[in-house]
Structure formats: C-alpha cells, structure tokens
Amino acid sequence: MSTLLMVSSLLLVIGIYGLLTRNNPILMIISIELIFNGANLNLVHFSRLYNSMDGISLALFSIAIAAIEVALGLGIFLALYKLERKTELRKFRRLSDEEVSA
Amino acid sequence: MLVSILVWLPLVCSPLVYLSSKLRKGLPRNLAISVSLLTFLLSLLVIGSETHEDWIPSLGISYHLRVDGISYVMVILTTFIMLASILASSTEIKEREGEYYALLLLTETGILGVFTAVDLILFYFFWEIVLIPMFFIILIWGEERRRYAAMKFLIYTHLGSLLMIIGFFYAYWSYYDLFGKYTFNLFELWKIEDFMSQSELKLLYFLVFMGFAVKAPIVPLHTWLPDAHVEAPSPGSVILAGLLLKMGGYGLLRILPTLLPETFHEMSVLLASLGVISVFYSAMVAMVQEDLKRLIAYSSISHMGIAVTAIASETSLGTKGAIYMMFSHALINGLMFLLSGAYKRRFHTREISEIGKYEAPILSSLLVFGAFASSGLPGLSGFIAEILSFMGVFNRWETSIWFLVLSAVVTAGYMLHMVKRVVFGEKMGEVEDLSREELLPLAMLVTGILLLGLVPSLLLGPLEGV
Amino acid sequence: MYLEMSLVLISASAFLGHLFGRKASLPFLILSVPLLLESETTRISHFFFDEYSKLLSVLVVSVTILVSITTEERERSAQTLLSISALGIILALSSKDFLSLFVSWEIASVTTYAMVAVGRGREELEAGMKYFLFGVTSSGVMLFGISIIYGENGTLSIINSGFGIGQALFLAGILFKIGAFPFHVWIPDVYQGARSWTTSFLAGASKVMGFGVLVRSSYLMGLNGMDLFFLLSILTMFYGNLAALLQKDIKRLLAYSSIGHAGYLLIPLSVWNPRALTGALMHIVMHSLLKVGAFSTVLIHEKELGRGIKDYKGMDKYSKLSLTIILLGLAGVPLVGGGGFWSKYVLFMGALASGTRGLALALGGILTSAISLYYYARVIREIYSTPGSEEVPGKVLVPLTITVTVLLLGLYPTPLIEICQKVSTTLFP
Amino acid sequence: MNLEILLILTPAFPLLSFPLSLFFGKRTPGQGAVFGILSSLASLITSTYLFFFAGKPISFEKEWIPGFTSGLYLDELSSVMLMIVSGISLLVNVYSLGYMHGEEGLPRYYGELSLFTGSMLVLVLAKDFLILFVSWELVGLCSYLLIGFWYKREEVAKAAKKAFVVTRFGDSFMLLGIILMYVSNGTLDLVEINSHAREMSSLLIALLLFSGAIGKSAQVPLLGWLWDAMEGPTTVSCLIHSATMVKAGVYLVARLFPYFSESGALPVVAYFGAFTAIVSATMALVEWDIKRVLAFSTISQLGYMFLALGVGSYESSISHLISHSSFKALLFLGAGSVIHAVGSRDMRSMGGLLKAMPITSTGMLIGVLSLSGIPPFSGYFSKEAVMHSVMENGNILLYSIGTLTAFLTAFYSLRMWILTFLGPTKKEIKESPSVMTLPIIVLMVSTATLGLFIHSGGGTPYPLLLAIAGLILSYRYHNAFLRAGPLSTLLSKRYFLDELYDLIGNCFFSAGKALDLLDRQGIDGTVNWISSSTLNIGDKIRRLQTGEIQLYLLLIVIGALVLLIMTW
C-alpha cells in the first residue's frame with residue numbers, strides 16, 4: 001500500500017523537478033500534469049481502499065480541470081510566442097523590480 | 001449640545017470655504033475669518049456644556065465631549081490663535097487659497113475636539129485628524145526643505161500617536177477583563193490601576209506617554225519640531241507652535257494623570273527631570289542658532305519644557321502655572337513666528353545676520369517686545385506663567401529649580417543676542433514697514449500678552465477648581 | 001429560494017455578457033445582490049450558505065459590479081470571465097468539503113488566469129504566463145495535499161485531523177492565492193502587468209476568496225491559533241510594507257501594499273478571538289473597496305499619465321481627492337481616511353485582546369501602518385505638488401462613489417461593525 | 001482716603017506719560033519732553049506733599065494674582081526715595097532738553113525715561129515681593145532700552161545686552177529667594193516679613209536677596225556691566241546708573257533691614273561693600289574716560305552704603321545715599337555738559353576749560369570736594385557718619401579699608417577735575433545753554449546745604465586727613481598711578497573682569513554649539529539613520545523580484561517545504 005504512496009510522491013517530485021529545471025513552457029505544463037496525475041493516482045487508490053466513490057469523483061473532476069488549464073496555458077503561450085518569437089521564459093524580465101532601482 | 005456645534009462648525013464650513021474659491025478670489029479668506037470669529041465667540045460661552053451619546057455601542061465607544069475648567073481655557077486659546085493665524089495668512093498665502101483655508105479649519109476642528117474629548121477613541125480620532133491638514137499645509141505652502149520636513153513631521157508624530165492608541169486598547173481590554181464592560185470613557189478606565197501588576201502599569205504608562213512626549217516635545221523626541229516650524233508658512237507654524245504642542249501638554253496634564261494616577265505620581269520625578277533637561281538643552285541649543293525661525297522653535301521647546309516640569313510637580317500651583325505657560329507661550333511664539341514671517345517676506349531669508357541690515361522701526365520694536373515677553377519680563381504673560389510654574393515645581397523639588405531659573409537667564413541671553421544682531425548695529429537703509437493688514441493679528445497677540453500679564457485673574461479665574 | 005435565484009442570475013449575466021456585452025450582464029448582477037442579502041442559511045448539495053459566506057459573497061458581487069463598470073464597453077469576454085469567477089468564488093466560500101472546494105476554487109482561478117492574459121498586450125501576456133504557471137502549480141500541490149488528507153481520514157469533508165503533510169500542502173495552495181509571505185512572489189509582477197480592471201478584481205475579489213476559504217477551512221481543520229500563522233502574518237506585514245517603500249510604479253506599490261494587508265488579515269488566524277475576526281472581516285471589506293477604488297483611479301489616468309509615481313501630476317481634482325482619501329484610508333488615518341481607520345484599529349484592538357503574541361502582532365501592525373503612511377504620503381505628495389487640471393473624465397464615477405462610501409463609513413461605522421460582529425459570532429459556537 | 005489716591009498717582013503720572021510721549025511725542029514741542037517734565041514735576045509735587053504732610057505709613061492693597069495680595073506702602077524711607085527719584089528725574093528731563101537736542105527718536109527716549117521713573121517709584125513703594133520684582137525687572141528693561149538708545153553703534157548694543165544679562169543673572173537669584181520665601185513662610189508681604197523677622201529669617205534667603213541687590217547695584221562680582229553702561233546718553237547715566245536704579249539694591253537691603261540683621265547676613269554685606277569700594281576706587285585711578293571715572297566712583301560709594309548697612313548703621317547708609325544722589329548727579333550733569341561741549345568723553349582731548357565753562361567747573365569742583373568728603377559739603381557729613389558707625393562697630397580691617405578708599409576717592413576725583421578744567425586749553429568751546437546749567441546750579445545748592453540736615457556723630461579725623469592728603473597728592477602727581485608699571489596695567493585692564501565675563505559668555509556659547517552639533521548629528525542623525533536604514537532594507541527586499549519565473553517557482557517550492565517542516 002505504501003508503495004503506491006511512494007509512486008505518487010515520486011510523481012510529485014519529478015513534476016516539481018521538471019518545473020524548476022525546464023525553461024520551455026510546454027515542458028513545464030507537462031510536469032504540472034505529472035503532479036496532477038500523481039494526486040489522481042493517490043485519490044483513486046485511497047477511494048479503492050475506503051471503498052467509497054468520493055475519491056474517484058474528485059479525480060474525474062481534476063482531470064477535467066487539468067485539461068481546461070492545459071488548453072488555457074497553451075493558448076497563452078501561443079499568443080506570447082507570436083509576439084515575442086522566443087520561448088525561453090527566462091527572457092521575459094520586463095515585469096520586475098530590477099531596473100526600477102531607488 | 002453647544003460643544004459639538006463648536007467642534008464641528010469649522011469642519012462643516014471648510015468645504016464651503018474650499019468651493020468659495022471658485023466664486024471670487026478674496027472670498028475664501030473673508031469666509032474663513034468670519035467662521036473663525038464665529039467659533040471664537042461661540043467658544044467664550046461654551047463653559048460647562050457636555051454631550052454624551054453612543055457612537056459605536058458594541059465596541060463601547062461613545063461620542064462624549066465635555067468642557068470643564070482646563071479644556072475651557074484651551075478651547076478659547078485654540079479659537080483665538082486660529083483667528084489670529086487666519087488673519088495673518090492673507091499676506092503670506094497667495095496661491096491655492098481655497099484649499100489652504102479649508103485645511104486650516106479642518107485643523108481647528110481636530111484641535112477643539114482633542115481639548116474637549118472624554119472618550120479615548122474620540123480623543124485619538126481628533127488627535128490624528130490634525131496631522132493630515134498640517135502635513136499638507138507644510139507640504140504645499142512651506143519653504144525650501146518642506147517636503148522633507150512635512151514627511152518627517154507626519155511619520156514622527158504619527159508613530160508616537162500609534163503607540164498611544166495601543167496603550168488605550170491595552171487599558172480597554174484590562175478594563176473588560178476586570179469589569180466585563182466595554183468602555184473607552186476616561187473617567188471609568190482609571191479603575192483598572194489597582195488591579196494591574198507594576199510591570200503592566202509601567203508598559204501602559206510608557207505607551208501612552210510616548211504619544212504625548214512626541215507632541216509636547218520632550219528633548220530626545222523633539223527633532224521633528226525645528227524642521228517643521230522652519231519650513232512651514234508662518235501662520236502654519238503659529239498653529240504648530242501655538243496649538244499642536246499644547247495638545248501634547250494637555251495630554252500630559254489631563255489624560256495621563258487621570259488614567260493612571262499612582263503610576264503618574266511614581267513617574268513624576270522622571271517626567272520632571274525630562275522637562276528640566278528639555279528646558280536647559282533647548283535653551284542652550286537656541287543660543288547658537290543662525291536661523292531666526294529655528295531659534296524660536298527651540299525657544300518654544302524650552303518654554304514647553306517648563307510647562308512639562310510644572311505638570312510633573314502635580315501641585316495646584318504647578319498645574320495653573322503650566323496652563324498659564326501654555327497659553328502665554330502660544331501667544332508669544334505666535335507673535336515671534338509672524339514677525340519672522342514678516343522678516344522673511346522682506347529679506348527672503350531667515351538668517352539673523354542678514355535680516356539685521358535694514359531698518360524697520362515698528363517691526364524691530366515688536367521683535368524687542370516679543371523677545372522680552374519670551375524671556376519672562378514682568379508685566380507680560382510669560383512672567384506670571386514662570387512665577388506660578390517655578391513655585392509649583394519648588395513645592396516638590398528644590399534642586400530642579402536652580403536649573404529652571406538659570407535657563408530663564410540663558411533664555412534672556414539668547415533672545416537679546418538675537419535682538420542685538422537684528423535690531424542693533426549698522427543699518428544700510430530703510431525697508432517698508434509693517435502694513436495695516438500685517439499689524440492686525442500682531443496687535444491681537446500683543447494685547448493678549450499684555451492683558452494676561454497685567455490681569456492674571458482673567459485666565460486664573462476659570463481655573464479655580466484645578 | 002432566493003439563493004438559487006441569485007446564482008442563476010449571476011450565471012445568466014455571464015452568458016448574456018458574452019453575447020451582448022456589459023449592457024446586458026450588469027443589471028442581472030445588480031439584481032442578484034438584494035437576492036443574496038435576503039437568502040437565509042440553507043444547504044444546496046455540497047454547499048452550505050451561512051452568514052459568513054453571505055457577507056463575503058455580497059462583497060464579491062459588488063466588487064464584480066464595480067469592476068465591470070470600469071471595463072470598456074467592447075470588452076465582451078471581460079464580463080463573462082468576471083461573472084463566472086464571481087460565481088466560483090461564491091461557491092468556494094460556502095463549501096465544506098474538498099471536492100466542492102477544489103472545483104469552485106479552480107473555476108475561480110482559471111477565469112482569473114484568462115482575465116490577466118485577455119489583454120493580448122506584451123506585458124499582459126507575460127503576466128498571464130507567469131500567473132498561469134504559479135497558479136496551476138499551487139493548485140496541483142493543493143490537490144496532492146487533498147489526496148493525502150483523503151488518504152488519512154477517508155472522507156472528503158474537511159474535518160479536524162491535526163496538521164499533517166496533506167494539510168500543509170493544502171495550506172500552501174491557499175496561502176498562494178492570498179499572497180502570504182513565501183508565496184507572494186507573483187503578486188507584484190502580475191498586478192503590474194495585468195490591465196487595471198483585472199488587477200482590481202484580483203485584489204478585490206480573489207483575495208477575498210483566499211481569505212474566506214483560509215479562515216473557514218483552518219477553523220474546520222482546527223488549525224486556528226497556530227504559531228505558523230503568527231510567523232506568516234508578521235513576515236507578510238513587514239515584507240509587503242518594507243518592499244513598497246521605494247517603489248516607482250504606482251501599481252507595483254499598490255501590489256506590495258496588498259501583500260502587507262494580507263499580513264493583517266492573517267492576524268485573526270493566529271490570535272483566534274471574536275473581536276479580531278470582526279476586525280479582519282471589516283478589514284477585508286474595506287481593503288477590497290479601497291483597492292478597487294485605487295486601481296480604478298489608476299485605470300482612468302493610465303493612458304495619459306503612465307504609471308510612474310513621479311509623473312502623477314495634473315490629475316483632475318476629483319480623482320486627486322478620491323485617490324488621496326483612498327490612500328489615507330489604506331494607511332488607516334481617521335476621518336480623512338474614513339473606514340480604513342476603523343477596520344484596522346478594530347483588528348489591532350482584537351489582536352491586543354489575547355496575550356503577548358497579540359501585543360506583538362498589534363505593535364507589528366502599528367509599525368507597518370506607520371511605514372505604509374510614508375509611501376502613501378509620497379504618492380499624495382506627488383499628486384498635490386501641482387494644481388489639478390479642470391476637465392473631469394466620465395469614468396471618475398466609480399472611485400468617487402467608493403470614496404463617498406468610505407468617508408461615510410469613517411464617520412459612522414456602526415452598521416458595518418454590527419454585521420461583522422454578528423457574522424464572527426457564528427464562527428464561535 | 002485721598003492719601004491713598006495720592007500714593008497711587010505718584011507713580012501713575014510717569015507711567016501714563018510713557019505711552020503718551022511714545023505715540024504723541026512727535027507732534028509735541030521737544031519731541032515728548034513736555035510729557036516727561038510735566039509728569040516728573042507732578043510726581044515731585046505729590047511726593048513732597050507726602051513727605052511733609054502725610055501721616056505715615058500709608059498702605060494700599062489689592063489682589064493682583066489670585067492667591068497673592070500685593071500693593072503699595074509708604075514710610076519714611078520710601079518717601080525720601082520718592083523725593084530723590086522724582087526730583088532728579090525732573091532735573092534730568094529738563095537737562096536733556098539741551099543735551100539731547102537734535103537727536104532722532106526722542107519720543108522713544110522720553111517715553112522710556114518716564115517709564116523708568118514710574119517703575120522706579122513703584123519699586124520704592126512696593127509692599128510685597130511680587131510688585132517689587134516686577135518693577136525691579138522693568139527698571140532693568142528701561143536701563144537696557146536707554147543704554148541702547150543710539151542703537152546704530154556696535155559697542156552700544158554689546159553694552160546694553162551685557163547690562164541686562166548680568167543684572168538678570170542677579171535677579172534670577174533674587175527670584176529664587178522670593179520663591180523660597182513664599183514656599184517656607186507663605187507670605188511675600190515686606191511689612192509682615194519685617195515684623196516677624198525673628199522666626200522667618202534664614203541666611204540662604206537673605207543671601208539670595210542680597211545677590212539680587214549685588215546684580216542691580218553692580219557690586220563685586222556683578223559689577224562688569226556698569227562702566228560699559230556709560231555708552232548710553234549721559235542723562236541716562238546720571239539718572240539711572242548713578243542716582244536711582246543702582247541704589248535699588250541698597251534700598252532693598254535697607255527696606256528689609258530687620259530681616260537681614262536677624263538672619264546674620266550683615267557681615268557678608270559689609271565685607272562685599274568694603275571690597276567693592278576699594279576695588280572700584282583703584283580702577284578709577286587710571287581711567288581716561290570721564291564718565292567711566294564717575295561710574296567707578298558710584299560703585300565705590302555704593303560700596304560705602306553697603307558697608308554702612310553691613311555694620312548695622314541704617315541711618316548713616318541712608319544719609320550717604322541721599323547726599324551721594326545729589327553730588328553724583330551734579331558731577332554727571334557737569335560731565336554731560338563738558339562732553340556736550342567738547343564732543344568726546346576722553347579726558348585727554350579736554351583741558352583748560354575753567355575759564356570757558358565757569359558754572360560747570362565750579363559745580364564739578366563742589367561735587368568733587370563733596371565726593372572726597374571735605375567739610376561744608378554734604379559728602380563730608382554722610383561719609384563721616386558712615387566711618388563713625390564703622391569705627392563704633394570696632395572692625396579695624398573695615399575701618400582701614402574705608403579710610404584708604406577715602407584717600408583714593410579724593411585722589412581720582414581731583415585728578416579728573418584737574419585733567420578736564422586745568423592745563424592747556426585744547427579746544428575753543430563756550431558754556432552750555434542755560435537749560436543745562438540751571439539743573440547744575442540747583443544741584444550745587446543742594447549739595448552745599450544738604451550737609452546741615454545730616455547729623456553726624458563726629459568720629460575720628462583720619463578719613464578727613466587722608467582725604468586732604470589725597471587732594472594734595474593728586475594736585476601734584478595726578479597721573480602717578482599711570483606710570484606704576486604692572487600695577488597700572490592691572491588696573492587699566494580692570495583686574496581682567498571684562499575678559500572673565502567674555503570667557504563665561506564664550507563657554508556658554510561653545511556648550512551651546514556642542515549641544516547643537518549633538519542635536520543635528522546625534523538625535524536628528526539617529527532619526528534620519530533609522531529612516532534611511534528602513535529604506536535600504538526595503539530596497540534590498542525589492543531586488544528579490546527579478547522577474548525570473550524559475551526563481552519564483554523555486555521560492556514557492558521552498559515555502560511549501562517550510563510548511564512541511566512545520567508539521568513536525
């Protein structure tokens with residue numbers, strides 16, 4: 001039983017690692033999906049354990065929501081790409097406190 | 001009922017004054033004068049009136065204004081000084097008059113409220129109202145370093161008063177824990193004193209004391225005052241010196257001893273020594289000032305120091321002396337600030353060595369009069385204030401009196417040193433003397449000083465019960 | 001019955017807004033407010049509407065109305081996004097189990113991501129991208145937390161089960177939305193980048209959701225009064241106000257100030273007593289009103305004046321007056337600052353009610369509001385350094401109404417205090 | 001009842017003429033002199049009436065400050081003083097018609113003169129310490145204003161400020177004494193204090209009051225201001241700095257004589273008086289400024305009066321006070337007419353004026369002889385009375401100081417007369433107008449005749465012998481002390497007193513500068529430091545927002561981790 005928990009927390013860690021290191025928005029969206037799926041795995045597992053439908057319903061909802069968010073994220077990314085012609089997120093530094101020094 | 005009309009009248013009229021600047025250029029000034037005159041007349045007959053209604057019952061905050069001996073005197077002082085400074089503003093303030101007079105009236109409401117409020121939150125409410133208009137007055141109509149001075153004034157006094165509000169809450173909650181009732185009424189809250197531990201009382205004393213110590217400047221906390229006074233327009237600094245310092249003094253005289261009688265008694269030695277230090281310290285510093293307004297600012301700290309020491313002595317003579325000192329100090333320093341404003345308008349500088357180069361007979365004779373009034377020359381109000389305060393202080397402590405009397409000599413010294421450099425010495429020519437318009441407020445203050453010097457029962461009469 | 005009606009009206013306004021723009025959606029929204037006021041505490045499937053959620057949802061809907069008035073006519077999509085998000089917030093505020101909470105939370109957040117990015121400008125898109133990434137990460141983390149909590153106590157309803165890993169992750173997700181210290185990083189950039197009406201919605205409404213859900217769930221989970229909240233509150237207060245000191249851009253300054261105010265809102269969580277909660281409720285109401293007022297004024301003058309504080313001169317005298325009063329209200333100055341004074345001081349008064357921790361919080365609050373007075377005064381100083389221009393833009397209506405209400409609340413705050421007191425006692429059985 | 005009205009009227013006349021001449025002086029003839037003369041004449045008439053016909057003592061009481069009763073009180077001593085003050089004020093007013101002719105700002109001059117006369121009269125009539133102290137300070141104010149009459153000159157300004165500050169220093173100790181008196185005895189009424197002197201007296205209070213007297217009557221150590229006060233017009237020096245104001249100290253001690261004797265402070269008074277007498281006499285030996293010589297002689301004669309009071313003889317002190325007022329006023333008016341004619345105060349530019357100014361020279365001669373204590377004149381009888389009482393007291397040291405001072409007085413006074421009137425004539429000048437010589441003549445008559453009224457005890461002849469010896473020696477080598485090497489520099493530097501005063505002044509100033517520096521850098525510095533450090537922290541924190549997404553995400557993850565850690 002604890003092995004499943006291990007797998008989902010592994011998924012969580014990988015997702016977070018992917019977020020921190022990858023700079024391409026699409027890859028970041030993928031790693032976010034990993035986190036979501038880790039959570040879903042947990043939910044399904046526990047609802048199976050407690051033999052109740054709550055967990056599964058929440059998992060279903062979260063999948064739907066994840067889909068919405070991916071669509072939205074890609075939309076924003078595409079609009080940004082059209083304008084900026086570059087995908088390196090690190091380049092987008094206009095909104096910051098850097099140059100607006102005292 | 002009369003007292004609420006008195007307190008809220010200026011505030012109600014201030015938008016009218018602001019809007020009247022659209023109709024005709026001179027209108028705001030005349031409107032402001034008539035309002036302040038009306039308030040002054042109203043303040044004469046406000047003795048003894050009281051209003052007490054609920055404001056926020058669930059929190060125990062009530063709208064409670066009361067005018068008894070001390071606050072009656074203070075109310076009259078406020079309306080008188082306000083009238084004088086509004087009269088004096090016509091020559092000093094040329095642009096954005098509507099806003100200026102509206103802000104002045106807003107300040108007047110704040111100050112009147114402070115002197116009459118009994119409910120601590122209402123007291124704090126009015127206490128804070130005064131800050132913003134004065135900030136704007138210094139900010140918009142002040143002199144060169146006005147931005148720095150306005151900001152310093154705002155934050156410094158605001159922080160002080162914030163500590164005070166925490167003290168009030170602290171008392172409020174301990175009252176609730178002990179008596180199960182929510183109230184901010186000053187004459188209820190002192191009951192908490194014998195139930196609280198010494199350390200709690202000291203903390204409460206310190207918190208509330210800080211708010212007043214910043215306003216009635218006690219030396220280590222005074223550095224906002226010279227900047228604010230120097231940079232404010234002269235009618236503004238008349239109100240700053242004349243009334244804002246008195247709010248601190250009134251707090252020390254009225255709020256603190258009633259809220260914490262025993263602790264105030266225990267700490268009175270500390271308060272007295274702080275007072276003496278600020279008297280002597282600011283007298284010595286005033287001696288070397290090159291800027292006329294800065295010198296007057298330090299002299300007002302030194303005079304307020306005498307009042308603080310007299311308050312700390314807790315004797316009836318001392319209290320009367322303190323109130324007398326506050327009243328006469330407001331008049332005298334008001335006069336001196338208006339004169340320095342007149343000098344500034346003529347010579348565009350406040351350096352004492354500069355303004356002595358030209359001859360202006362009436363202006364310099366008034367300066368001599370002001371200098372002697374502030375060094376406590378008998379026959380003028382300063383003398384009686386000093387005599388009463390010294391006698392009050394002497395009843396409690398012998399040693400501190402030597403310092404006070406010596407500082408009176410130092411005051412005479414630096415005042416005359418200033419007069420020597422301004423009035424005496426080689427004159428390079430004439431400069432146009434005080435116009436009739438400038439003379440009117442000055443004449444008001446001079447008659448006030450003379451009247452209080454020769455007929456002290458005028459002011460000591462209402463203070464009988466103190 | 002009234003409640004269902006108002007929810008239907010709000011969703012209808014979303015739908016109509018898309019088709020016919022603001023003219024159609026606004027009346028529905030306005031109509032839903034009295035209905036909400038009439039509704040009594042009922043339970044619809046998973047959602048429990050009680051006094052607490054009623055107060056906050058009325059606030060959210062009125063904020064939505066004010067914000068939608070400030071949007072331009074032709075921005076159709078804005079109306080729908082606003083109404084849907086409002087709907088999401090109302091549902092989130094009244095949910096007592098993780099399922100309904102997570103779903104409504106996501107509805108509200110997704111619409112706000114879209115709102116930020118809808119501007120299509122270079123800055124809006126960058127802000128949208130950033131906001132999207134942080135938002136989705138935190139909701140992912142939150143979901144993971146929920147799954148672990150579900151694993152532990154077998155039911156999705158929020159019950160008191162100590163403070164484990166699940167609860168921590170769940171809290172992380174919620175604290176992100178309110179902008180508490182470690183999770184505040186997105187607020188300055190997004191507030192600066194997004195369009196002003198989006199920012200005012202973010203500051204006005206989504207922060208209300210964050211606060212409301214945080215209070216309810218931490219109450220249900222028995223986490224109130226934890227040392228964590230004490231630490232978070234102090235850190236957020238000081239971080240927000242100190243960082244705002246030297247800001248050049250007015251929207252960034254207001255962003256930091258709302259981080260500071262989030263710190264104040266955390267006070268009742270660490271010092272759990274009825275008076276502090278009343279103060280917090282009042283403060284959330286006042287803060288939303290003031291922030292919406294501030295950002296709408298900025299919206300009006302964004303084009304001709306730009307956003308640097310230095311060049312904030314020559315505004316017309318009405319917006320100058322209202323911005324001054326709003327800023328002073330945020331600083332908590334009495335009378336001139338209106339209701340802002342009362343909400344802050346009832347909050348600090350409440351904090352003082354319980355022990356040395358409360359005293360420390362109150363002192364921290366006092367010190368930070370003194371600091372905040374500095375940078376608000378700096379802005380006011382710039383506004384008033386030159387006389388105002390005469391012509392008055394039409395849009396100045398919203399800030400003016402907010403200023404008037406704030407001033408009235410300043411003079412006579414009793415109704416607001418009464419309501420908040422009634423609401424806070426429902427949370428103390 | 002009408003006596004009380006008369007009592008109030010005497011000071012009221014001059015006090016009233018102050019505003020009158022100040023505001024309406026310009027339009028009246030003599031620029032306000034009319035008011036001055038009329039008011040002093042009126043108060044002279046009333047005081048003579050009070051002196052001869054009124055049944056003393058008369059008192060008038062009214063509550064001025066609530067809690068304190070104050071009023072006026074007339075007895076023999078104060079009625080004599082009334083006569084002196086109003087008399088000399090009348091003479092000076094008439095005299096200044098000529099002396100101040102053509103000066104600008106005369107209404108101010110006459111106004112201040114009558115204000116001074118009025119407040120001096122109030123001082124003399126004061127029944128309680130409050131009124132006494134009020135008039136005491138007002139008199140100081142008038143002396144400041146009148147010394148500073150020619151305000152254009154730099155040294156005049158310095159002198160006026162110095163005079164006021166030094167006397168104010170003395171007055172502050174007196175104020176302490178008054179407050180101590182009120183606090184310990186509960187009353188400020190002079191008559192009451194004198195009657196209960198035994199149980200009320202305390203040495204500290206007496207000494208404090210005496211220090212006030214020292215300040216006003218320019219005794220050691222507060223004598224530095226009187227010779228600078230000579231910068232003012234000579235009429236002012238005559239009225240204020242020789243005849244009336246400087247006598248206020250003596251009057252105070254005389255008024256409270258029973259109190260002082262009970263408290264045992266009299267020996268202190270005596271030694272201070274004697275020491276001042278000898279010191280100021282020596283200073284006069286080397287002085288070239290005619291008015292400064294007279295100033296030193298005033299200080300030394302005041303020393304005599306305090307000496308007389310100190311040894312317990314109240315009558316001889318008052319008699320010396322009366323006679324001194326007349327012959328010193330005579331000398332000053334004479335010096336005034338000489339200065340008016342020659343145009344400078346320095347004796348080196350005078351000489352040989354005997355024939356040119358007969359009235360002034362004879363008047364000055366009578367004054368000199370009376371000052372040195374040579375029979376027929378009043379100076380001899382009053383000084384004789386003083387020395388007699390010192391001899392009776394049996395204190396040999398005081399007696400020898402007294403006689404030695406008598407010798408020095410004779411020496412420098414004759415030297416002054418010789419330097420001005422004998423010797424080669426340097427300038428062709430003519431006698432002063434009659435309006436100036438008339439008062440001189442009146443004073444000559446009074447100096448000569450006053451002696452009859454003073455009954456002296458006829459003591460030892462030594463003071464007279466030494467006085468004559470002094471005259472002879474001075475006739476022969478009047479500049480002897482100038483060539484006495486180090487002694488003469490010591491004397492001309494006036495025992496470095498001026499340097500001492502400046503030193504004290506400077507050390508106050510430097511203390512002020514240090515405190516101002518502390519204030520600007522220290523206290524203000526910390527305030528500014530606090531504000532700038534908060535701003536710096538704000539700036540450092542601000543830089544955290546680099547706008548880089550990776551960093552933000554890292555922060556969020558760290559935050560979540562911290563929360564996790566908190567769960568343990």
Side-chain angles (χ1 to χ4, degrees), chain A residues 1 4-5 8-9 11-12 15-16 19 25 28-29 31-47 49-52 54-55 57-59 61-62 64-66 68-73 75-77 79-84 89 92-97 99-102, chain C residues 97-100 102-103 105-107 109-111 113-114 116-117 120-133 135-137 139-148 150-157 165-166 169 188-194 243 245-249 252 256 308:
Chain A
M1 190 278 288
L4 261 168
L5 205 60
S8 62
S9 43
L11 272 174
L12 176 73
I16 288 171
L19 260 171
M28 292 170 84
I29 292 173
S31 39
I32 293 168
E33 281 316 307
L34 276 180
I35 301 172
F36 266 86
N37 290 335
N40 291 343
L41 187 65
N42 253 343
L43 281 170
V44 167
H45 164 67
F46 286 127
S47 74
L49 197 69
Y50 291 105
N51 188 1
S52 82
D54 300 348
S57 50
L58 181 55
F61 269 109
S62 79
I65 288 165
I68 297 166
E69 274 156 9
V70 162
L72 185 65
I76 296 173
F77 168 68
L80 199 62
Y81 182 73
K82 253 204 236 84
L83 268 177
E84 296 283 340
L89 277 183
F92 300 105
R93 304 283 284 281
R94 188 173 302 103
L95 299 174
S96 74
D97 265 292
E99 83 296 342
V100 188
S101 63
Chain C
D97 67 296
F98 284 115
L99 178 72
S100 52
F102 182 71
V103 170
W105 179 275
E106 280 312 310
I107 293 174
S109 327
V110 166
T111 35
Y113 307 149
V116 171
R120 291 227 171 287
R122 191 179 300 277
E123 281 183 0
E124 281 90 356
L125 280 172
E126 179 186 334
M129 194 66 210
K130 282 185 182 175
Y131 186 31
F132 168 78
L133 282 174
V136 175
T137 343
S139 42
V141 163
M142 189 162 95
L143 185 67
F144 197 86
I146 291 171
S147 63
I148 292 176
Y150 178 63
E152 271 163 22
N153 37 29
T155 156
L156 271 179
S157 61
I165 300 173
L169 291 177
D189 294 9
V190 171
Y191 277 35
Q192 180 188 13
L245 280 173
L246 294 176
Q247 285 307 331
K248 282 283 171 293
D249 177 319
R252 248 188 126 73
Y256 280 110

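Chain A is the first sequence line, chain B the second, and so forth, proteins listed ahead of strands; every chain is numbered from 1. For clarity, every value in this text was computed on a predicted model and none was experimentally measured.
Contacts between A:Leu19 and chain C at a heavy-atom distance below 4.5 Å involve the side chain alone, from C-beta outward. Heavy-atom distances place both the backbone and the side chain of C:Tyr150 under 4.5 Å from chain A. For chain A, the nearby part of C:Ala117 is the side chain; its heavy atoms alone come within less than 4.5 Å. Only the side chain of C:Tyr256 comes within contact range of chain A, with heavy atoms under 4.5 Å apart. Contacts of C:Ala127 with chain A are made by both backbone and side-chain atoms, with heavy-atom separations under 4.5 Å. Only the side chain of A:Ile68 has a heavy atom closer than 4.5 Å to any heavy atom of chain C. Contact annotation for C:Ile107: neither backbone nor side-chain heavy atoms come within less than 4.5 Å of a heavy atom of chain A. For A:Leu80, the parts sitting under 4.5 Å from any heavy atom of chain C are the backbone and the side chain alike. Both the backbone and the side chain of A:Ser9 come within contact range of chain C, with heavy atoms under 4.5 Å apart. For A:Ile76, the parts sitting under 4.5 Å from any heavy atom of chain C are the backbone and the side chain alike.
The closest donor-acceptor contact from the side chain of C:Tyr131 to the backbone of C:Tyr191 lies at 3.5 Å or more, if one exists at all. In terms of modelled atom types and a separation under 3.5 Å, the side chain of C:Glu124 and the main chain of C:Gly121 share a donor-acceptor contact. Side chain of C:Gln247 to main chain of C:Ala243: a donor-acceptor pair is present (N/O by atom type, distance under 3.5 Å, no hydrogens or angles).
Across A:Ile16, A:Ile29, A:Ile35, A:Leu12, the residue that shares the most heavy-atom pairs under 4.5 angstrom with chain C is A:Leu12. Annotation: maximal heavy-atom pairing with chain C below 4.5 Å, among A:Leu34, A:Ile65, A:Asn40, A:Leu41, occurs at A:Ile65. Highest contact tally toward chain C, considering only A:Ala64, A:Ser47, A:Ser57, is held by A:Ser47 [criterion: heavy-atom pairs under 4.5 Å].
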Trace of the side-chain contact (heavy atoms from CB on, under 4.5 Å) decision for C:Leu169 with C:Met142
CA-CA 6 Å; C:Leu169 291 177; C:Met142 189 162 95; over 6 Å; no
side-chain contact (heavy atoms from CB on, under 4.5 Å) evaluation trace for A:Phe36 with C:Val136
CA-CA 9 Å; A:Phe36 266 86; C:Val136 175; 3.9 Å; yes
Go through the steps to decide whether A:Leu49 and A:Phe46 satisfy the test side-chain contact (heavy atoms from CB on, under 4.5 Å), and finish with yes or no.
CA-CA 5 Å; A:Leu49 197 69; A:Phe46 286 127; 4.2 Å; yes
Let me see the working for C:Glu123 and C:Gln192 under side-chain contact (heavy atoms from CB on, under 4.5 Å), right down to the final yes or no.
CA-CA 8 Å; C:Glu123 281 183 0; C:Gln192 180 188 13; 5.5 Å; no
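Side-chain polar atoms of C:Asp97 and C:Ser100 form a donor-acceptor pair below 3.5 angstrom.
Around CZ of A:Phe61, the count of heavy atoms belonging to other residues, nucleotides or ligands within 6.0 Å does not exceed 12.
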